[in-house]
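Down below is the structure, laid out as structure tokens.
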Amino acid sequence: MSIAKTYLPKEAEEKWYSYWLDNNFFRSVPDEREPYTIVIPPPNVTGVLHMGHMLNNTIQDVLIRRARMKGKNACWVPGTDHASIATEAKVVAMLKERGISKKDLTRPEFLAYAWEWKEKYGGIILEQLKKLGASCDWERTRFTMDEELSEAVIDTFIHLYKKGWIYRGIRMVNWDPQGKTAVSDEEVIRKEVNQKLYYIKYAVSPKSEVLSQESTQDSGLKTQDYLTVATTRPETIMADAAICINPNDERYTHLHGKKAFIPLINREIPVILDEYVTMDFGTGCLKVTPAHDLNDYELGQKHNLPVIDILNDDGTLNEKAQILVGEDRFAARKKIVALLEEAGALDKVEEYKSQVGFSERTNAVIEPKLSMQWFCKMEEMAKPALDYVLNGDIKLIPEKFGNTYRHWMENVRDWNISRQLWWGQQIPAWYLPNGEYIIAKTREEAFEEAKSLQPQISNLKSEDLVQDEDVLDTWFSSWLWPISVFDGFKDPDNADINYYYPTNDLVTAPEILFFWVARMIMAGHEFRGEIPFKNVYLTGIVRDKLGRKMSKSLGNSPDPLDLIEKYGADGVRVGMLLSSPAGNDLMFDESYCEQGRNFYNKLWNAFRLVKGWEVDEKLPNPNQIAIDWFDSRFNEALIEIEDNFAQYRLSEALMVTYKLVWDDFCAWYLEMIKPVYLQPIDKQTYNRTITFFENILKILHPFMPFITEELWHDELFGKRTTMDCCIVAQLPTNGEINSQLLGNVEIVKQIITHIRNIRNSKQISPKEALTLSVKANSGIDYSSYKTIIARLANLSELNLINDKISGASSFLISTDEFYVPLNENIDPLAEAERLQKEKEYLNGFLRSVNAKLSNERFMSNAKPGIIEVELKKKADAEAKLKILEESLSALAS
RNA sequence: GGGAGUUUAGCUCAGCUGGUUCAGAGCAUCUGCCUUACAAGCAGAGGGUCACUGGUUCGAACCCAGUAACUCCCA
């Protein structure tokens, strides 16, 4: 035999992937078949494949391949996301390496570099997906900044603006001083950080105006009167607008109505009262810094405090700080602490743990900052989007995410859609010299509109209009993805969108349930009056063995391509799926891939076995029972697999398939029919076995596309035409199941296991043939299973008897007795002990059954079926006990 | 601080409407095997106080309450 002992994936993977491409098996165009559609969650255009992608895309590919093999018109649309912040950050870094600063470039110049970068690195991740076997319709590849998609984004913006859902406003935003942009709440990662809590003394003004009698009485305290505040951000004291205390705080009644001086700069600020202040945190005196803290901002609004912003966009201090101007906020913090200490204004410093926000993209500490931003109102769009999920039009899998979804949708906040970046769709707002703005698709349209709206500005020229510098949040383009990939905005009634939309399944991570999934549902409703997809399969997060999220910075993530190199794409796919029930995080370990590799190798070797057989046409078929059994077993498994897929339990579906192939097919069926070495096999068994094998290749294909395609084309299965491929083979449909046969073979397997066990414990070589005598008290006809038992347990004979045999090793299956006479007689004492133990167990069992049956309340409350079962248990146990008794007395005699 | 979730074998997880001899699977472990498809394998075995405490029920891994630990979301 010249076939390699192990399957070598690499060559087959390259061969079959290009074969599928060359013959357009991934291509989908609308036709009369039922569509099955998935749009890929577009990965970042400059990203590289990580384990999360592997999981996500393996699942999508399994679903799409299965749909294709069920005769549906399967369409998987790939593409990438322009990922404004991440990509711009990468381009800026690349330019910096070349000695170019973004500041020195014009917008068009910068964008030219960015496009150049995108063209160079943009395709990488999609190329990597091909290695995994992803069967996307690559001709449909889209990019969120493709012309049509960008146009859709702008049109959408205008549409929503006209509806009054987009507005401009000053808001406290999460400012990323490194990316120099606002980021959404969802893009801020909060981490607990060890910080210091600084206690700073503010001098209380000696000449505070006397507002109440109370305070005059306290004036025994002289000029050197201080109040102390605790803060983690001493560098912001120059932006303080007030000191706030709780009016109920008895320690500070003497401060009511007074003023205090900010140390170092000696600016006077009022002491205000508000119950917002927690009395037992810090000193109970809170410095109020409206420009640099969200809560302080709200407090400031309430008390009409001035907003003093002392930070530049890059996180350095500006001239309003008066001191340390130009210093970075963290450097300033250190310096100011020293200055305070020098001035005697630092009381003490404590260690303190608190939550600090970091930018997801740049990892910079987020700075709360007031700025003019564009917002999109969410409330009205959230309502229908919530209903679709609540009423089941859209199913979240697993269902538990429904709660989280509802909670978010009911408490939705307006969406900050502007980003202070260049890479992305520039906001179509055009400012007039007087500061007013016009929303229009182009400069020309804006100019026309300006002229008609404001005829008084007679000398207005088109060049006078200034477009808003900001771009839109990336999610503002990706929320349109399921519609825009089919050109549903440009051409809302085209054949593709009518055929493919709504799509079927969306496979994505729960982390983006809100800012992507929920918004796609809103967009689907708003722009097509329809849901964008029917099911949302939420994958878990890929974690390492220790439960840590896999990430580049931790260095705990294997390179997916290395894994494919090592275990083959099929092995990695199986490995990903083995460990990933829907919605649960996945504790990934390479050993799962190893298990996957071992599995396809098992299949490979089963193939080698069958491939090596010679057929003798004249031989009769001795294996009809084995064939009928496996046929039934296969059909039974098909139902289980279908059922698991219907519930999106992909791991379970794979496990059923795995056990069907490894245990039922290889370990049992092939061993049952395997001819003695170098002996030929009969034609009928051979043909049936090949059919079984082909069906196994089909059900395995979605999980392991490459090896199944490779084997599919072997001449063992006959001549194939060009288009006769496993990838488009029709999945086998359910056939008949002979449950009685399945039950009997289970007993036969037990018999074989018992005999093998006797061999093991008595150290009898498998080569030494034994005899088996059966006293069948049940109605099972063991003679028909003679061949199978004899072969798998190596028996020289199998007798049906009517009387017990003494001195033989024995076992009991249900009420049937089995005897294996051995050369040396078994120890009657040990045998008696074994029987006695079994008897005790049965007696105990019987007692509990009887207790139930004699319990009046059980008999009156339990459903009739349950009582029947208990009665059957009782009868079985009693019958078994009787046999045990007999065996025991036979031993004694 | 508010909300959600999780806890079953060494590991990763099933266990559906409370009821079958219900305590399961895969991996790992242990024992014995190079038995001509496969040592990436074969045969067999061991392993759990279903987190803890109480309650409801004829009957609880499952329902209820409390406790503990962990995770996530929001503030």
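Throughout, protein chains are lettered first and strands after them, A, B, ... in sequence-line order, and every chain is numbered starting at 1.
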(message) Between B:G59 and B:C22, how far apart are the two C1' atoms, rounded to whole Å?
(response) 13 Å
(request) Measure from NZ or CZ of A:Arg688 to the centre of the six-membered ring of A:Trp613 and say whether it is under 6.0 Å with the direction within 45° of the ring axis. (result) no
(request) Go through B:A37, B:G5, B:G26 for me and flag the one nearest to the A:Glu671 side chain. (result) B:A37
(message) Please report the distance separating the C1' of B:A43 from the corresponding atom of B:U6, rounded so that it comes out in whole Å.
(response) 39 Å
(message) Counting only side-chain heavy atoms from C-beta out, which of B:C58, B:C42, B:A14 sits nearest to A:Lys602?
(response) B:C42
(request) Using the six-membered ring wherever Trp is involved, compare the ring planes of A:Trp604 and A:Phe607 and label them parallel, tilted or perpendicular (cut-offs 30° and 60°). (result) tilted
(request) Please state the P separation for the pair B:U17 and B:C70 - nearest whole angstrom. (result) 31 Å
Show the distances under 3.5 angstrom between N or O atoms of the protein and N or O atoms of nucleotides 27-31 of chain B.
residue : atom : partner  : partner atom : Å
B:C27   : OP1  : A:Tyr658 : OH           : 3.2

(message) Quick check: A:Phe692 with A:Phe665 (ring centres under 6.0 Å apart)?
(response) no
(request) Identify, with sequence neighbours excluded, every residue that meets salt bridge (charged side-chain N to carboxylate O under 4.0 Å, His left out) alongside A:Glu885. (result) A:Lys839
(message) Using the side-chain hydrogen bond (donor to acceptor under 3.5 Å, both in side chains) criterion, which residues pair with A:Asn861? Sequence neighbours excluded.
(response) none
(message) Starting the side chain at C-beta, find the nucleotide from B:C58, B:G26, B:A37 nearest to A:Leu609.
(response) B:A37
(message) Classify the ring geometry of A:Trp662 against A:Phe599: parallel below 30°, tilted from 30° to 60°, perpendicular beyond 60°.
(response) parallel
Nucleotides 45-47 of chain B: which of its N/O atoms have a protein N/O under 3.5 Å away?
residue : atom : partner  : partner atom : Å
B:A45   : OP1  : A:Asn757 : ND2          : 3.2

(message) Any donor-acceptor pair, under 3.5 Å, between the side chain of A:Lys5 and the base of B:C38, if you only look at N and O atoms?
(response) no
(message) Between the base of B:A40 and the side chain of A:Arg597, is there a donor and acceptor pair under 3.5 angstrom?
(response) yes
I'd like a table of atom pairs between the protein and nucleotides 59-64 of chain B - only N or O on both sides, under 3.5 Å - with the distance next to each one.
none

(message) If I pick the C1' atom on B:A9 and the same atom on B:A14, what distance separates them, to the nearest angstrom?
(response) 13 Å
(message) If the cut-off is 4.0 Å, is A:Arg649 near the phosphate of B:G15, judged by side-chain N/O to OP1 or OP2?
(response) yes
(request) Report yes if a side-chain nitrogen or oxygen of A:Arg857 is closer than 4.0 Å to either non-bridging phosphate oxygen (OP1 or OP2) of B:C58; otherwise report no. (result) yes
(request) Output all residues satisfying side-chain contact (heavy atoms from CB on, under 4.5 Å) with A:Ile747, sequence neighbours left out; order by chain, then residue number. (result) A:Ile751, A:Ile780, A:Tyr782, A:Ile813
(request) For A:Glu11, check side-chain contact (heavy atoms from CB on, under 4.5 Å) against everything at least two apart and list the hits. (result) none
(request) Find the distance A:Asn605:CG to B:A40:P and express it as a whole number of Å. (result) 11 Å
(message) Test of understanding: with side-chain hydrogen bond (donor to acceptor under 3.5 Å, both in side chains), list the residues that count as partners of A:Lys762, not counting sequence neighbours.
(response) none
(request) Look at the side-chain N and O atoms of A:Arg413 and state whether any lies under 4.0 Å from the OP1 or OP2 oxygen of B:A75. (result) yes
(message) Pairs counted only when both distances fall under 3.5 Å, Watson-Crick or G-U: show me the 5' to 3' dot-bracket for RNA chain B, [ ] for pseudoknotted crossings and | for other-strand partners.
(response) (((((((..((((.....[....)))).(((((.......))))).....(((((..]....)))))))))))).
(message) Once ring pair (Phe, Tyr, Trp, His ring centres under 6.0 Å) is applied, do any residues pair with A:Phe811, and if so which ones, sequence neighbours excluded?
(response) A:His754, A:Phe818
(request) Please name all residues satisfying salt bridge (charged side-chain N to carboxylate O under 4.0 Å, His left out) with A:Lys852, sequence neighbours left out, ordered by chain then number. (result) A:Glu870
(message) Holding to side-chain hydrogen bond (donor to acceptor under 3.5 Å, both in side chains), I want the full list of residues that pass it with A:Asn850, two or more places apart in sequence or in another chain.
(response) A:Lys874
